[in-house]
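See structure below.
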Amino acid sequence: MLFVPGSNAAWLSTVQVYGADYVMFDLEDSVSVREKDTARLLVHEALKSPVWAGVPVVVRVNAINTPFFRDDLEAVVSAGVAIVRLPMVTDAQMIRHLDAELGVLEGKYGSVPGTTRILAAVESASGVVNAVAIATASPRMMGIALAAYDYAMDMHTTHDAAADESQLFFARCAILHAARVAKIHCYDVIYADVNDTEGFLREVAVIKKLGFDGKSLVNPRQIEPLHNAFAPTPEEVERAHRVVAAAVEAEKVGMGVVALDGKMIDAPIIAAAHRTIRLAQVSGVQVAGGVR
């Protein structure tokens with residue numbers, strides 16, 4: 001999920017060429033106060049452009065307690081935004097408030113009720129503690145994301161991804177469990193040093209092992225390394241196909257479990273194999289230097 005400053009007119013119309021799974025126009029932190037109105041107008045017009053027709057664009061609006069929130073929301077819903085990322089979410093009531101506002105605006109602008117989705121960004125101790133309630137607060141929820149720097153500040157520490165992952169371990173586990181309870185996506189924090197590919201990939205390895213679905217990005221150069229890191233290896237894909245084939249044969253003869261290479265294959269392993277195949281279809285297959 002690639003952040004794009006809403007005040008950058010050139011990027012708003014060209015960033016799709018980089019191949020991010022989601023493009024997220026930002027009206028919050030990357031836009032100065034004096035540029036808020038201009039950025040809002042630029043994003044509104046970009047969303048209506050044929051360039052983005054049929055593409056599920058995300059927009060990060062300003063927080064609910066700012067004077068910009070309501071204008072941001074009206075601008076993006078009236079232009080047909082697919083997903084609204086709400087920052088600084090601390091409790092479920094914020095999500096319910098956003099849900100209600102979206103319902104009013106969908107009615108006002110003729111959108112199909114309930115089609116505008118919500119991505120909640122957790123950036124505080126309160127948000128982490130309330131993660132399950134946040135993730136399950138609305139049927140509009142499509143994902144939950146962790147934002148590291150405000151969270152670290154709230155916890156009276158600092159976030160130094162290159163040095164240590166321990167400051168975020170509990171928060172990552174909390175929002176990941178919340179996402180799995182709610183059956184929505186879970187996105188990890190940005191890695192701000194775009195020149196530190198080694199550190200970036202080390203962090204990606206951590207979140208992939210934990211079970212995250214993806215990561216928020218700040219530079220297109222991070223897209224290909226992320227895709228390659230998440231893509232299954234050729235060996236994993238080959239085994240997944242063999243597992244599925246063995247399961248199909250077992251089902252034909254009425255067997256619930258089957259042995260493959262001397263190991264028992266049951267329902268969880270079959271489900272994991274299907275997930276590996278789907279991941280290969282959307283991310284490619286991991287190869288040296290990229291994905292294919």
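Two residues are said to be in side-chain contact when any heavy atoms from C-beta on lie closer than 4.5 Å; Arg221 and Asn195 meet this criterion. Counting heavy atoms from C-beta on, the side chains of Val58 and Met1 come closer than 4.5 Å. Contact annotation: the side chain of Phe25 never approaches that of Val81 to less than 4.5 Å [non-hydrogen atoms, C-beta and beyond].
Under the 3.5 Å distance criterion, the side-chain polar atoms of Glu106 are matched with a main-chain donor or acceptor of Thr116. Although no hydrogens or angles enter the test, the distance criterion places no donor-acceptor pair under 3.5 Å between the side chain of Arg60 and the main chain of Glu28. Listed for the Asn219 side chain is no donor-acceptor partner under 3.5 Å among the backbone atoms of Gln222. Judged by distance alone, with hydrogens and angles left aside, the side-chain atoms of Gln167 form a donor-acceptor pair with the main-chain N or O of Thr158 at under 3.5 Å. Distance alone, capped at 3.5 Å, places no donor-acceptor pair between the Trp52 side chain and the Ser13 backbone. One N or O on the side chain of Thr276 and one on the backbone of Ala272 form a donor-acceptor pair closer than 3.5 Å. No donor-acceptor pair under 3.5 Å is formed between the side chain of Asp99 and the backbone N or O of Leu102.
Ion pair Glu74/Arg40 not flagged as a salt bridge, since none of the NZ, NE, NH1 or NH2 atoms sits closer than 4.0 Å to an Asp/Glu carboxylate oxygen. Taking 4.0 Å as the cut-off between side-chain N and carboxylate O, Asp261 and Arg242 count as a salt-bridged pair. A salt bridge is defined here as a Lys NZ or Arg NE, NH1 or NH2 lying under 4.0 Å from an Asp or Glu carboxylate O, and Asp213 with Arg180 meets this definition. Taking the charged nitrogens against the carboxylate oxygens, Lys252 and Glu249 do have a contact shorter than 4.0 Å, which makes a salt bridge.
With rounding to the nearest 0.5 Å, the separation of CZ in Phe230 from CZ in Phe212 is 9.0 Å. Atom-to-atom distance recorded for Lys36:NZ and Asp72:CG is 7.0 Å, nearest 0.5 angstrom. The CG atom of Leu119 sits 9.0 Å away from atom OH of Tyr22, with the distance rounded to the nearest 0.5 Å. Put simply, NZ on Lys208 and CG on Asp188 are 14.0 Å apart, with the number rounded to the nearest 0.5 Å.
Using the six-membered ring where Trp is involved, His97 and Phe69 have ring planes that are tilted, between 30° and 60° apart. Using cut-offs of 30° and 60° on the angle between ring planes, the pair Tyr191 and Phe200 is perpendicular.
Few gaps surround CZ on Arg70; more than 12 heavy atoms of other groups in view lie less than 6.0 Å from it. Residue Gln93 places its CD atom among more than 12 non-hydrogen atoms of other residues, nucleotides or ligands, all under 6.0 Å distant. Other residues, nucleotides and ligands place more than 12 heavy atoms under 6.0 Å from the OH atom of Tyr109.
Under 3.5 Å, the side chains of Ser32 and Glu35 contain a donor-acceptor pair of N or O atoms. For the 3.5 Å distance criterion, the side chains of Ser216 and Arg85 qualify, holding a donor opposite an acceptor.
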